[in-house]
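Structure first, then comments.
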There are 2 protein chains.
Amino acid sequence: MNHRQDVHTSEVPVLCVACEARLRGVCGALDADQLMALSKTSTKKRLETGAELVGDAEIIDGYANILSGVVKLIKGLPDGREQIVGLQFAPDFLGRPFQAESAVSAQAATNVVLCSFPKRTLEALIKQSPQLEHSLLKQALRELDEARDWMLTLGRKNALERVASYLLLIANYIDPALQPQSEVIAFDLPMSRLEIADFLGLTIETVSRQLTKLRVDGVIQVRQSRHIVVNNPARLKTFSGC
Amino acid sequence: MNHRQDVHTSEVPVLCVACEARLRGVCGALDADQLMALSKTSTKKRLETGAELVGDAEIIDGYANILSGVVKLIKGLPDGREQIVGLQFAPDFLGRPFQAESAVSAQAATNVVLCSFPKRTLEALIKQSPQLEHSLLKQALRELDEARDWMLTLGRKNALERVASYLLLIANYIDPALQPQSEVIAFDLPMSRLEIADFLGLTIETVSRQLTKLRVDGVIQVRQSRHIVVNNPARLKTFSGC
DNA sequence: GCTAGAAATTGATCTCGATCAAATCTTCGA
DNA sequence: TCGAAGATTTGATCGAGATCAATTTCTAGC
């Protein structure tokens with residue numbers, strides 16, 4: 001990916017060359033000097049699928065911007081049950097400001113490339129820059145909206161509606177301009193059936209059965225497990241309960 | 001309630017006399033002049049149980065600090081299914097900055113007293129005061145943590161665990177110092193069985209049965225539906241799945 | 001391409017919570 | 001205090017999704 005034509009990147013070449021970032025997110029709020037300072041301490045990291053992002057050597061005690069890939073936020077119960085409580089895509093900001101440790105753990109759902117910042121550097125910048133805090137607030141409010149949307153899905157939708165909602169969520173990330181009356185849309189799922197189940201509060205068998213149901217109904221096609229073709233986005237939406 | 005002895009209120013008498021607020025929340029971030037300005041446009045409102053906080057004459061297009069009572073945030077599906085996606089207690093800040101309208105509706109779960117601010121006034125203050133934005137960010141992050149906790153409950157806990165978690169949530173609000181090894185704790189539920197069910201993603205019958213189960217097990221006592229005595233908080237916690 | 005191991009699907013059965021129904025409790029105005 | 005309406009509890013039954021088990025499909029290494 002090359003985003004040097006981008007407005008932001010053209011203003012802040014040092015960090016962007018380092019990060020290859022689109023910087024729609026948090027970094028966009030910084031001025032050139034601040035970005036320059038940040039770029040000196042930031043490091044680019046490549047994580048394999050399944051890598052833990054906190055608690056080990058990856059981005060301990062720090063923050064990061066996702067450059068590519070999907071990160072899942074997980075909460076677990078003592079007996080091993082797990083729930084994915086959030087998905088983060090590029091160019092989301094990652095990390096929990098103003099708190100020693102987050103109550104959630106983060107893990108790479110796909111291969112992930114991110115730009116990591118030391119906790120102190122970024123927190124110092126936050127104090128300097130109200131703009132940066134504003135960006136963080138906007139992202140936090142967006143994540144809050146997403147979490148509450150998902151609470152409705154987890155609390156009140158049946159299995160078929162959950163799976164349909166999930167496909168629409170991913171489709172919408174792949175193509176944010178997706179309209180109900182859109183044409184066919186195709187994409188690769190960034191998660192395994194187990195991860196989807198942990199996101200939907202279901203089991204893998206139930207996820208599989210609902211996908212089969214949608215496939216038999218002609219709403220979607222499934223190729224090699226991960227590749228999905230949505231034949232009829234409008235009809236998929238009617239299955240989602242919304 | 002009279003909080004004039006409180007540190008914050010003694011610094012900012014005008015708004016506090018008007019609001020009787022403890023101001024642990026957002027307003028605490030403002031200096032005396034800003035609070036004075038805010039107090040001139042703020043109004044104190046008393047809402048009956050069930051009153052809608054948005055979309056009608058209550059706090060249209062505005063923000064508010066809850067002074068007493070409990071507000072529920074609700075999301076619904078077209079077919080009438082509802083999920084409570086958040087509970088807000090005094091002195092929480094209420095309202096969704098930087099967005100024309102929130103995707104959730106808010107309703108008084110109990111009688112509520114709140115201090116309401118016009119949208120423009122508060123947004124102007126936010127621009128002036130990084131401190132205020134910082135407070136908003138802190139509350140947004142706290143609400144995000146709470147929402148994600150609840151996603152785990154909705155996605156992965158069974159009915160008994162959900163009800164136990166709910167009782168602990170309320171008990172913890174009533175007495176934030178509550179420790180696992182605490183003594184007996186008693187409180188009145190601020191919500192009906194239907195509201196509890198809508199919060200837990202269950203039906204009223206299931207909520208009732210789980211309460212009966214906890215009562216028969218001697219973990220709690222229930223008096224006149226709403227009054228709960230937790231005989232054994234530690235044991236209740238073991239029922240909560242955490 | 002071939003093969004082993006992992007991932008996903010499909011099948012059979014069971015269980016928890018939903019649903020429908022009835023009884024009891026609580027509240028509140030007359 | 002009485003009585004009616006609403007809220008809650010309890011009972012009986014049903015069904016969606018979990019669980020356990022067996023195939024089938026996919027993937028990665030050779």
Side-chain angles (χ1 to χ4, degrees), chain A residues 48-50 72 77 79-83 109-111 153-167 188-217 220-229 239-241, chain B residues 48-50 72 77 79-83 109-111 153-167 188-217 220-228 239 241:
Chain A
E48 300 284 309
T49 302
K72 52 182 178 172
L77 290 172
D79 65 7
R81 283 175 285 177
E82 284 194 346
Q83 176 67 41
T110 62
N111 288 343
T153 297
L154 292 174
R156 290 299 181 204
K157 289 187 188 172
N158 66 28
L160 184 58
E161 292 168 331
R162 292 186 202 199
V163 171
S165 298
Y166 170 77
L167 292 176
D188 284 313
L189 293 176
M191 295 153 77
S192 69
R193 295 291 186 272
L194 179 59
E195 289 172 313
I196 296 170
D198 279 343
F199 188 42
L200 297 177
L202 300 171
T203 59
I204 50 173
E205 294 94 332
T206 298
V207 170
S208 181
R209 279 184 241 272
Q210 308 313 317
L211 285 172
T212 300
K213 210 173 281 183
L214 290 172
R215 184 166 48 74
V216 170
D217 266 331
I220 63 170
Q221 297 167 53
V222 181
R223 298 212 184 93
Q224 290 162 359
S225 303
R226 293 282 189 127
H227 189 74
I228 301 287
V229 179
F239 279 103
S240 76
Chain B
E48 299 284 308
T49 302
K72 53 183 178 169
L77 290 171
D79 64 7
R81 283 175 284 178
E82 284 195 347
Q83 177 66 42
T110 63
N111 287 343
T153 298
L154 292 174
R156 290 300 181 202
K157 289 187 188 172
N158 65 28
L160 184 58
E161 291 169 332
R162 292 185 202 200
V163 170
S165 300
Y166 171 77
L167 292 176
D188 285 311
L189 293 176
M191 294 154 76
S192 69
R193 295 292 186 272
L194 179 59
E195 288 172 315
I196 297 170
D198 280 343
F199 188 42
L200 297 176
L202 300 170
T203 59
I204 50 174
E205 295 94 331
T206 299
V207 170
S208 180
R209 278 185 243 273
Q210 308 312 317
L211 285 171
T212 299
K213 210 173 280 182
L214 291 171
R215 184 166 48 75
V216 170
D217 267 330
I220 62 170
Q221 298 167 51
V222 180
R223 297 213 185 92
Q224 291 163 359
S225 305
R226 292 283 189 126
H227 189 74
I228 302 286
F239 280 104

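Numbers restart at 1 for each chain; the letters A, B, ... are given by sequence-line order, proteins then strands. Below, all heavy atoms of this structure are taken into account, side chains as well, without hydrogens, waters or symmetry copies.
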Per the under-4.0 Å heavy-atom filter, residues of residues 190-200 of chain B near DNA chain D come out as B:S192, B:R193
Expressed as a whole number of angstroms, how long is the span from [X]:[atom1] to [N]:[atom2]?
| X | N | atom1 | atom2 | result |
| --- | --- | --- | --- | --- |
| B:L202 | D:dA16 | CG | P | 18 Å |
| A:R156 | D:dG17 | CZ | P | 14 Å |
| B:E205 | D:dT8 | CD | P | 12 Å |
| B:R209 | D:dT13 | CZ | P | 13 Å |

Can a donor-acceptor pair be found, under 3.5 Å and without considering hydrogens, that links the side chain of [X] to the backbone of [Y]?
| X | Y | result |
| --- | --- | --- |
| A:R209 | A:I204 | no |
| A:R162 | A:L154 | yes |
| A:Q83 | A:D198 | yes |
| A:R223 | A:V229 | no |
| B:N111 | B:E48 | no |

Closest to the 5' end of DNA chain C, once B:A159 and A:T212 are matched to their nearest nucleotides, is A:T212
- Task: Report yes if a side-chain nitrogen or oxygen of A:T206 is closer than 4.0 Å to either non-bridging phosphate oxygen (OP1 or OP2) of D:dA18; otherwise report no.
- Result: yes
Next on the checklist: Tell me whether the side-chain N/O atoms of A:R162 come closer than 4.0 Å to OP1 or OP2 in D:dA16.
Outcome noted: no
Closest heavy-atom pair, A:E195 versus A:P190, reported as atoms and distance to 0.1 Å, is OE1-O, 4.4 Å
Exercise. Any side-chain heavy atom of A:S208 within less than 4.5 Å of one from A:E205?
Worked result: no
Applying side chain to side chain contact (heavy atoms under 4.5 Å, CB included), run through B:L167 and B:L211 and close with a yes or a no. CA-CA 10 Å; B:L167 292 176; B:L211 285 171; 4.1 Å; yes
At a 4.0 Å cut-off to heavy atoms of chain B, the contacted part of DNA chain C spans C:dG17 to C:dT26
d(B:Q210 CD, B:I220 CD1) to nearest 0.5 Å is 10.5 Å
So CD1 of B:I228 and OH of B:Y166: to nearest 0.5 Å the spacing works out to 8.5 Å
Under a 4.0 Å heavy-atom criterion, the protein footprint on nucleotides 23-30 of chain D, written with B, S and -, is ---SS---
Query raised in the report: Salt bridge or not for B:E161 and A:R81, using N-O below 4.0 Å?
Result: yes
